[in-house]
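Below is one structure, written out as structure tokens; comments come after it.
Treat the numbers as computed from the prediction; the structure is a model and nothing was measured.
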Amino acid sequence: MSIVNYFFPMAKEKLRKSLFSSYFSTTLSIALVLFLFGLLGLLLINTKRLKDYVMENVGVTLILKEKTREVDILKLQKNLESTPYIKSTKFVDRQTAAEELKKDLGEDFVDFLGYNPLLSSMDVRVHAEYANPDSMSQLEAKFLKFPEVQEVYYQRNLVKQLNSNVQKLSLIILILSILMFTIFIALINNTIRLSIYSKRYLINSMQLVGATRSFIRFPFIVKSVLHGIYGAIIACFILLMIFTSYQSELKDFIDFQDSVSLAILVGSIFTFGIIMTALSTYLAVNKFLRMKFDQLYY
Amino acid sequence: MAEEIIRLGNADIYQQETLVLKEVNLKVLKGEFLYIIGKVGSGKTSLLKTFYHELPMANGDGEIMGYNLNKMKMSDIPLLRRRLGIIFQDFQLLSDRTVQKNFEFVLKATGWRQERAIHERIDEVLNLVEMPDAGSKMPHRLSGGEQQRIVIARAMLNNPQIILADEPTGNLDPGTSEKLMVLLQEINKEGVTIIMATHDYEMIRKFPARRVICEEGQLKEFLLPAEPLDFDSILLEG
């Protein structure tokens with residue numbers, strides 16, 4: 001500490017001053033808004049991923065005929081996987097199915113019945129685009145055309161429910177985004193206006209000594225845009241910290257490999273920060289430039 | 001004959017909705033020294049504000065240095081103010097920066113670009129008011145009298161054609177007031193028009209010049225001779 005004081009006698013005081021000045025709190029307010037903006041952007045970018053994640057949990061079970069040979073099963077599996085609508089397939093033979101059911105029931109039904117009534121099956125997961133009632137019924141018909149398939153089973157109601165829920169969710173996210181966006185704009189605008197408001201007498205004095213409007217405005221805008229840039233840096237830093245700390249929990253919802261989306265996100269945080277601060281400052285300074293001295297007191 | 005630099009004809013001057021001065025007729029010649037006297041609140045400052053277009057003129061017509069005060073474009077206001085040196089009653093120093101930066105702002109706002117020329121000019125005006133070391137100080141660290149002198153120095157920065165001084169000796173001790181008056185006289189001799197609103201009758205007596213008085217909402221020439229003036233009665237009236 002003493003070394004710092006020796007070399008920079010003013011450093012400590014200046015640091016304390018700047019930390020507790022309105023400069024710092026303005027930057028912090030902007031940073032927090034931009035952080036929330038980033039979260040919202042992240043949500044929007046990953047809405048499709050989130051939707052797909054939910055929809056692709058819809059499973060279709062193809063019950064296979066009893067006498068199907070293993071070669072045909074493999075062939076069927078290959079055939080299914082080569083279609084554009086199938087995401088994954090998983091073959092469950094009758095023994096495994098029985099074991100699982102035994103576990104679920106907690107009772108050895110094979111022993112009780114004397115034989116295994118279950119058939120081998122194929123668990124199929126379709127891509128999200130096909131996980132709606134219309135496509136599903138078409139797919140069902142397609143599946144039934146395979147000679148090995150005896151029966152197609154899926155939860156129709158679940159598919160319906162999921163679709164309507166996802167639609168509702170999309171609408172909610174849209175409304176929420178618009179609302180949040182409005183709030184962000186209002187918050188940044190208010191922060192900037194307050195910081196300019198505190199300088200209103202200064203602006204008036206500058207006009208009195210013969211400075212043009214643009215000459216007065218320019219330094220204010222530069223300073224605000226700097227606030228915006230620092231705020232964006234802080235916001236991106238916080239987002240990055242959250243990503244890295246919760247990477248494993250979030251990996252199903254957020255694609256960390258998708259660097260294009262992340263670049264767009266970072267880019268829009270900076271763009272939003274810069275445009276909003278510049279625009280708000282421009283409007284706020286103009287407001288006080290138009291005012292006569294007497295009006296400044298109200 | 002010297003040319004007119006300020007002309008007001010039948011001008012009504014309003015402060016907000018209140019009529020302060022009615023039907024003002026005033027001609028100021030280039031290079032003239034003019035005192036505006038009058039009681040507190042009689043409209044001296046409002047008259048000066050009209051000159052730099054801080055107060056609009058409701059009726060009548062007015063011209064200052066070729067600028068029409070009735071139909072002034074917004075973009076012309078800064079240009080007019082640059083050619084005036086204004087000593088504000090309430091100083092109007094930029095409180096967030098040092099005296100040096102205050103002066104730099106004025107010079108840069110009025111088109112000065114070269115740092116060296118800027119610094120030289122600032123040193124010159126600071127020497128003029130005998131405060132050569134004030135550059136690094138913040139305005140609030142200066143006393144009222146010191147701020148007053150800084151404002152006077154600032155008004156000189158751009159070698160204005162007119163100096164509008166609103167109570168420039170109000171915060172100064174008699175000795176400094178007199179030095180300031182000598183300085184203003186010297187500037188006036190170089191052809192700069194000086195209009196000074198003041199209460200300081202002692203200075204008017206010592207440095208006699210044309211006087212106009214704001215009285216009962218009107219501006220009149222004050223023709224009584226300066227010497228045998230009964231100051232006590234004027235002060236008592238005020």
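Open room surrounds CD on A/Q167; 12 or fewer heavy atoms of other groups in view lie less than 6.0 Å from it. By the neighbour-count criterion of 12 heavy atoms within 6.0 Å, atom CD of B/Q114 is sparsely surrounded, having that number or fewer from other residues, nucleotides or ligands. Within 6.0 Å of CZ on A/F237 lie no more than 12 heavy atoms contributed by other residues, nucleotides or ligands. A/R193 CZ: 12 or fewer foreign heavy atoms inside a 6.0 Å radius. More than 12 heavy atoms of other residues, nucleotides or ligands sit less than 6.0 Å from atom OH of B/Y67. Counting non-hydrogen atoms of neighbouring residues, nucleotides and ligands closer than 6.0 angstrom, the NZ atom of B/K27 reaches no more than 12 such neighbours. At most 12 heavy atoms of other shown residues, nucleotides or ligands fall within 6.0 angstrom of atom CD in A/Q161.
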Exercise for the section: Go through the steps for B/E54 and A/L208 under the test side chain to side chain contact (heavy atoms under 4.5 Å, CB included), then give the verdict. Expected result: CA-CA 8 Å; B/E54 176 70 1; A/L208 287 178; 3.6 Å; yes
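In this structure, chain A has a heavy atom under 4.5 Å from the side chain of B/Y52, while its backbone stays farther away. No part of B/F91 comes within reach of chain A, as not one of its non-hydrogen atoms sits under 4.5 angstrom from that chain. For B/R83, no part lies near chain A; criterion is any non-hydrogen pair under 4.5 Å.
Side-chain contact between B/K108 and A/F215 is present, with at least one heavy-atom pair separated by less than 4.5 Å. Two residues are said to be in side-chain contact when any heavy atoms from C-beta on lie closer than 4.5 Å; B/M74 and A/T212 fail this criterion.
Here the side chain of B/R81 pairs a donor or acceptor atom with the backbone of A/Q207 at under 3.5 angstrom.
For the residue pair A/M206 and B/L94, the shortest heavy atom distance occurs at CG-CD2, 3.8 Å. Among all heavy-atom pairs drawn from A/L202 and B/D96, the shortest one is CD2-OD2, 3.2 Å.
Interatomic distance, B/D90 CG to A/S205 OG, rounded to the nearest 0.5 Å: 7.5 Å.
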